[in-house]
Amino acid sequence: MTDREIGVGIVGFGLGGRVFHAPFVNAVTGLRLAAILQRKGDEAAKAFPAARIVRSLDEMLADKTIELVVVTTPNATHFELAKQALAAGKHVVVDKPFAATSEQALKLSRLAKDKGLLAAPFHNRRWDGDFLTVKKLIAEQAVGRLVTFESHFDRFRPLPRAGLWQEAENPANGMLFDLGPHLVDQALALFGLPDSITASVRSDRDGTAIEDAFDITLSYPGANGKGLLAHCRTSYLACHNAPRFLLHGTKGSFIKHGLDPQEPALVGGAQVPKLGSPGVWLQEDESAWGALTVAPNPAAPEKLIKSQVKTELGDYRGFYANVRDAILGAAPPALTAQDGLRVVRMLELARQSSAEGRTLKVRL
């Protein structure tokens, strides 16, 4: 790895730019937060006084010191902004969804390849502590042969929020394209592409203009007909949230409640330390750890052993450290445009499955 710094420009300073991107770019050695595009207001200048505040994308793209552009704007704008950045010779990170359609995602993928640039979807939930814990348990076959995998991301917002783009009627908005990319990407990262998909995509709340709930089942056939079902679920009407993860296997089960603590900590004002500095960034409290219950002897299923499983350390700095290394040629990218493309295509298939009321074969 060279000692040069990579200049980074962030497009947008809403929740995504303020919480998920700027703090982590700023915390990774080798990346320099050079500019933030905030069209009005001074929140970005106050939060990151060393960064230059620009008011247009053209102004950012004209800066030759900026090599990486992060797009964190309303969903429907991702494609055009990322396309302009790639055309200007910049690497891009695109917040989820990578694009509003698979056609757009394919165009970004081809443009990045033609330009020799990185185009990475911001699927940061691969660096969640609970996901890393589940990944480890599956690798260890802690519950035996896994037969069902459930991943929930629930909220309770019974009334649509007036004036927010997230609640505006648009195929790129709604929970399917907001939280769906995270849940589906995690499943694909664990198990690869499924054989088939069955989904129910709904608008459950009164007066809503968006898809605010979904149940997606990914089917993975196994030997002798003993396969795996992976369920990805979200609801805006979950006053009592379902487990974040629930695994059932031939030896037992694992259950984990609650969300990774990084987002609430940052919303609450926590500062992200420089990557490599002493100490732990954010260890989940023991009270939130998951529970593993197994039967060591299948012939005596009533004799169960229950134990807490310490949550692995989640760290979104890892995403940007990998982006840095990929740009410098020091490591392969953990996420590529192809990852963004296949997730968007899976979401389109989920929508089609729901609309047609049938199971669809997955052919990407």
Side-chain angles (χ1 to χ4, degrees), residues 12 14-20 72-78 95-101 121-125 128 130-131 148-188 197-218 229-246 255-268 288 343-344 346-357:
L15 177 67
R18 176 173 52 87
V19 170
F20 289 107
T72 173
T73 52
N75 295 355
T77 67
H78 290 181
D95 212 326
K96 48 79 188 170
F98 186 61
T101 67
F122 187 61
H123 294 165
N124 63 306
R125 295 289 177 176
D128 275 359
D130 48 19
F131 173 72
T148 59
F149 165 90
E150 293 192 28
S151 176
H152 295 253
F153 211 132
D154 293 328
R155 292 171 176 168
F156 186 60
R157 290 176 181 165
L159 298 178
R161 297 163 294 169
L164 294 183
W165 66 262
Q166 292 93 335
E167 298 274 6
E169 185 175 1
N170 188 305
N173 297 339
M175 290 300 95
L176 184 66
F177 271 68
D178 181 27
L179 298 179
H182 287 315
L183 302 188
V184 170
D185 177 69
Q186 287 182 335
L188 299 187
I197 181 171
T198 310
S200 169
V201 182
R202 308 179 301 282
S203 300
D204 282 349
R205 296 175 300 169
D206 295 330
T208 188
I210 62 170
E211 298 160 330
D212 58 16
F214 62 79
D215 293 89
I216 298 172
T217 298
L218 308 178
L229 294 178
H231 306 287
C232 303
R233 294 175 169 141
T234 284
S235 174
Y236 253 3
L237 292 177
C239 192
H240 288 286
N241 289 356
R244 176 65 184 89
F245 288 105
L246 179 61
I255 188 169
K256 173 73 174 69
H257 287 273
L259 297 176
D260 183 277
Q262 293 178 88
E263 178 181 354
L266 288 162
V267 171
V343 166
V344 172
M346 291 297 298
L347 298 177
E348 290 175 335
L349 287 174
R351 187 177 276 154
Q352 181 185 350
S353 169
S354 181
E356 298 178 0

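- Between P121 and V343 there is no side-chain heavy-atom pair separated by less than 4.5 Å.
- In plain terms, the two heavy atoms of G17 and T72 that are nearest each other are N-OG1, 3.3 Å.
- H123 pairs by the side-chain hydrogen bond (donor to acceptor under 3.5 Å, both in side chains) definition with D185, not counting sequence neighbours.
- From E348, atom CD reaches atom CG of L176 across 9.5 Å, with rounding to the nearest 0.5 Å.
- The main-chain N or O of P97 is found under 3.5 Å from a side-chain atom of H78 such that the two form a donor-acceptor pair.
- Residues passing the side-chain hydrogen bond (donor to acceptor under 3.5 Å, both in side chains) test with T73, sequence neighbours excluded: T77.
- Here S200 pairs with R202 under the side chain to side chain contact (heavy atoms under 4.5 Å, CB included) rule; sequence neighbours left out.
- Applying the ring-ring contact (aromatic ring centres under 6.0 Å, His included) definition to pairs two or more places apart or across chains, those involving residues 148-172 are F149-F191, F149-F245.
- Contacts of S354 classified as side chain to side chain contact (heavy atoms under 4.5 Å, CB included), with partners at least two apart in sequence or in another chain: V201.
- The closest side-chain heavy-atom distance from L266 to F20 is not below 4.5 Å.
- Residue L246 holds its CG atom at 6.5 Å from OG1 of T148, rounded to the nearest 0.5 Å.
- In this view, A209 and E169 satisfy the side chain to side chain contact (heavy atoms under 4.5 Å, CB included) rule, not counting sequence neighbours.
- Looking only at side-chain heavy atoms (C-beta outward), L229 and H231 come within less than 4.5 Å of each other.
- A side-chain donor from one of S151 and R244 sits under 3.5 Å from a side-chain acceptor of the other.
- Legend: residues meeting side-chain hydrogen bond (donor to acceptor under 3.5 Å, both in side chains) with R155, ordered by chain and number and at least two apart, are absent.
- Taking the side chain to side chain contact (heavy atoms under 4.5 Å, CB included) definition, one finds that Q166 meets it with R161, L164, sequence neighbours left out.
- With sequence neighbours excluded, the residues that form a side-chain hydrogen bond (donor to acceptor under 3.5 Å, both in side chains) with R205 are E167, T208, D212.
- Within the 4.5 Å cutoff, the side chain of I197 has heavy atoms near those of the I216 side chain.
- The structure places OG1 of T234 at 6.0 Å from CG of D154, a figure rounded to the nearest 0.5 Å.
- Screening residues 255-266 for side chain to side chain donor-acceptor pair (under 3.5 Å), with sequence neighbours left out, gives R125-E263, K256-E284, D260-Q262, Q262-W281.
- Here the closest non-hydrogen pair linking V344 and A99 is CG2-O, 3.6 Å.
- Between the side chain of D215 and the backbone N or O of A199 there is no donor-acceptor pair closer than 3.5 Å.
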Check step by step if side chain to side chain contact (heavy atoms under 4.5 Å, CB included) holds for L347 and F177. CA-CA 7 Å; L347 298 177; F177 271 68; 3.8 Å; yes
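- For the pair K96 and F122, the minimum side-chain heavy-atom distance is 4.5 Å or more.
- Using a 4.5 Å cut-off on side-chain heavy atoms (C-beta onward), D178 and N173 make no contact.
- Distance check: R157 CZ to S235 OG gives 12.0 Å after rounding to the nearest 0.5 Å.
- D204 and A213 make their closest contact through OD2-CB, 3.3 Å (heavy atoms, listed as atom of the first residue, atom of the second, distance).
- When side chains are defined from C-beta on, D128 does not count as touching L259, because their heavy atoms never get closer than 4.5 Å.
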